[in-house]
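Each chain gets a letter, A, B and so on, in the order the sequences are listed, and its residues count up from 1.
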Amino acid sequence: GQSLEQPSEVTAVEGAIVQINCTYQTSGFYGLSWYQQHDGGAPTFLSYNALDGLEETGRFSSFLSRSDSYGYLLLQELQMKDSASYFCAVANQAGTALIFGKGTTLSVSS
Amino acid sequence: NAGVTQTPKFQVLKTGQSMTLQCAQDMNHNSMYWYRQDPGMGLRLIYYSASEGTTDKGEVPNGYNVSRLNKREFSLRLESAAPSQTSVYFCASIEASGGNEQFFGPGTRLTVL
């Protein structure tokens, strides 16, 4: 079967750093993506890793280790507006859609 | 550009009724997708269309049909709605199959009584 595992909830305070992990088990692998979803809204794209290593985009970074079937999203200088759900997703074949994890709810407090 | 649009935003059906959810994108994207999202379940793929004229089943296709009307439009039909189909439905598109970023519509919130 195919599965993605990520923590269901994470809490942090403003200004802190938080890491959301994702481990995957899929029949193929074409890349790991991260999406953010605010309550009731549409998911929006954050990052994509096809190769091992760290990708940085502003306050957000994403890491991938294909040999470990593992990746993480790193959020720095947390702000209240970062409170949302974060999903990792894997494209397991070229030409097919993404398989999503169940999501991690991040709560940022002051 | 409007991006990905979905209609309706909300819908209430009775068990056994049928309806079609509409999705359109104005980004000239090749691939389009339908997902459903239930509490604690993440996003699950119902059907997708890798290109105009093709459709394929995803993880949870039972009870649904789709039509890729043209490059812009991809509709999802419930022939006989059931309470288990109560969910939020998202349409998404991507420039090319295997591309990096999916663009999502605002969702349709469907309740089946």
* Is it the side chain or the backbone of B/R44 that comes within 4.5 Å of chain A heavy atoms, both, or neither? -> neither

* To do: State the OH-CD distance between A/Y35 and B/E101, to the nearest 0.5 angstrom.
  => 6.5 Å

* Asked: Same hydrophobic cluster for A/W34 and A/L64, using side-chain heavy-atom links shorter than 4.5 Å among ILVMFWY?
  -> yes

* Asked: How close do A/F45 and B/Q102 get, heavy atom to heavy atom, and via which atoms?
  -> CB-O, 4.4 Å

* Atom NZ of B/K71: over 12 foreign heavy atoms under 6.0 Å -> yes

* B/Y33 side chain near A/L98 side chain, heavy-atom distance below 4.5 Å -> no

* To do: Answer yes or no: are there more than 12 heavy-atom neighbours, outside A/D39 itself, under 6.0 Å from its atom CG?
  => no

* Asked: Which heavy atom of A/A42 sits nearest a heavy atom of B/F104, and at what distance?
  -> CB-CB, 4.0 Å

* May I ask you to check whether over 12 heavy atoms, not counting those of A/E77, lie within 6.0 Å of atom CD? => no

* Quick one: do B/L110 and B/V60 end up in the same hydrophobic cluster if we chain Ile, Leu, Val, Met, Phe, Trp and Tyr together by side-chain heavy atoms under 4.5 Å apart? -> yes

* Should B/Y89 and B/L113 be regarded as members of a common hydrophobic cluster, given that ILVMFWY residues are connected when their side-chain heavy atoms come within less than 4.5 Å of each other, either directly or indirectly? -> no

* Asked: Is it the side chain or the backbone of B/Y35 that comes within 4.5 Å of chain A heavy atoms, both, or neither?
  -> side chain

* To do: Of all the heavy-atom pairs spanning B/G42 and A/F87, show the shortest one and how long it is.
  => CA-CE2, 3.7 Å

